[in-house]
Asker: 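I'd like to ask you about the structure that follows.
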Amino acid sequence: MIANGKLAEGVQLLCLIDKAADACRYLQTYGEWNRAAWLAKVRLNPAESSDVLKRWAEHLCSPQVNQKSKAILVLLSLGCFYKVGEMLHSMRYFDRAALFIEACLKYGVMEAAFLDYARLLRSLGLREGAALWASRAGSAGEQLMEELFQGEGGVPEAILGEEDAEVGQESTE
């Protein structure tokens, strides 16, 4: 049906046979990005929906479309805060990028990303890198730090910042 120019009917049939992800891809192929996003949010699981919306954000950033401000809104809705900060910076909105990143740090949004990255590094066997990023995760990273250096008497000073190292020295005296 879709090949014969009946996109709406083809999408409906695909949805009836539980092929909504395929329907979204067809809608995107035919330039129906808003309808694809709507269908994804209504019918797909969160992971598949996120994939569809990320493709939409990439499309919005393409030179032919150049709607980066709209892409930022899509990425915000997905919780892709790091990517939003990068985009604001690449668009030369330095003030907005700095304030956005500051707000993310203030409210702990970046701490979760730091902790996830630290866990990834630990799973790869990169203990010192994992400790560095866990230390940046604030209180959320403390447990991981303890796990990383269990039985070694603490965290190496090279990983801690100068202030943290001074505090650590004061507490041992």
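Just so we're clear, the structure is a prediction, and the values are computed from it rather than from any experiment.
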Asker: Could you pull out the closest heavy-atom pair between Ala37 and Leu53, with the gap in Å?
Answerer: CB-CD2, 3.5 Å
Asker: Could you measure the distance from the CG atom of Leu115 to the CE atom of Met110? Nearest 0.5 Å is fine.
Answerer: 14.5 Å
Asker: Looking at every non-hydrogen atom in both residues, tell me the closest pair between Ala134 and Leu144 and how far apart they are.
Answerer: CB-CD2, 3.9 Å
Asker: Could you tell me which non-hydrogen atom of Leu44 sits nearest to which non-hydrogen atom of Ala20, and how far apart they are?
Answerer: CD2-CB, 3.6 Å
Asker: Can you sort out the partners of Phe114 under ring-ring contact (aromatic ring centres under 6.0 Å, His included), two or more places apart, ordered by chain and number?
Answerer: Trp133
Asker: For a side chain to side chain contact (heavy atoms under 4.5 Å, CB included) check, start with the C-alpha distance between Met91 and Arg96, then their side-chain angles and the critical distance, and finish with the verdict.
Answerer: CA-CA 10 Å; Met91 294 168 66; Arg96 293 176 190 172; over 6 Å; no
Asker: Run the side-chain donor-acceptor check on residues 59-79: report pairs under 3.5 Å with partners two or more places apart or on a different chain.
Answerer:
{"from": "His59", "atom 1": "NE2", "to": "Trp33", "atom 2": "NE1", "distance (Å)": "3.2"}
{"from": "Ser62", "atom 1": "OG", "to": "His59", "atom 2": "O", "distance (Å)": "2.7"}
{"from": "Ser62", "atom 1": "OG", "to": "Gln64", "atom 2": "OE1", "distance (Å)": "3.2"}
{"from": "Ser77", "atom 1": "OG", "to": "Val74", "atom 2": "O", "distance (Å)": "2.6"}

Asker: Could you check whether any side-chain heavy atom of Arg25 comes within less than 4.5 Å of a side-chain heavy atom of Arg55, counting everything from C-beta outward?
Answerer: yes
Asker: If you count every heavy atom of other residues, nucleotides or ligands that lies below 6.0 Å from Glu86 atom CD, does the total exceed 12?
Answerer: yes
Asker: Are any of the side-chain heavy atoms of Leu13 and Glu9 separated by less than 4.5 Å?
Answerer: no
Asker: How about Tyr107: does its OH atom have over 12 heavy atoms from other parts shown lying under 6.0 Å from it?
Answerer: no
Asker: In Å, rounded to the nearest 0.5 Å, how long is the span from CG of Leu121 to OG of Ser123?
Answerer: 7.5 Å
Asker: Using the rule that two of Ile, Leu, Val, Met, Phe, Trp, Tyr join whenever any of their side-chain heavy atoms come within less than 4.5 Å, decide whether Val42 and Leu7 are in one cluster.
Answerer: yes
Asker: For Ala40 versus Cys24, what's the shortest heavy-atom pair and its separation?
Answerer: N-SG, 3.7 Å
Asker: Let's go through Lys54 and Asp51 carefully: what are the C-alpha distance in whole Å and the side-chain angles of both, what is the deciding distance for salt bridge (Lys or Arg N to Asp or Glu O under 4.0 Å) to 0.1 Å, and is it a yes or a no?
Answerer: CA-CA 5 Å; Lys54 284 178 183 175; Asp51 289 342; 5.4 Å; no
Asker: Going through the distances and angles, do Tyr26 and Glu32 end up as a side chain to side chain contact (heavy atoms under 4.5 Å, CB included)?
Answerer: CA-CA 8 Å; Tyr26 278 111; Glu32 297 286 338; over 6 Å; no
Asker: Give a yes or no on whether the backbone of Cys15 and the side-chain of Arg43 come within a donor-acceptor separation of less than 3.5 Å.
Answerer: yes
Asker: Just wondering, do Met87 and Tyr93 contact through their side chains at under 4.5 Å, heavy atoms?
Answerer: no
Asker: Using the side-chain contact (heavy atoms from CB on, under 4.5 Å) criterion, which residues pair with Glu102? Sequence neighbours excluded.
Answerer: Leu99
Asker: Which pair of heavy atoms, one from Arg136 and one from Glu111, lies closest together, and at what distance?
Answerer: O-CG, 4.2 Å
Asker: According to a hydrophobic-cluster definition based on side-chain heavy atoms being under 4.5 Å apart (Ile, Leu, Val, Met, Phe, Trp, Tyr only), do Tyr82 and Phe100 belong together?
Answerer: no
Asker: Calculate, to the nearest 0.5 Å, the distance between atoms CD and CG belonging to Gln28 and Asn34 respectively.
Answerer: 11.0 Å
Asker: Starting at CZ of Phe81, measure out to CG of Leu105 and round the result to the nearest 0.5 Å.
Answerer: 12.5 Å
Asker: Please give me the minimum heavy-atom distance between Val52 and Ala36, naming the atom from each residue.
Answerer: CG1-O, 3.9 Å
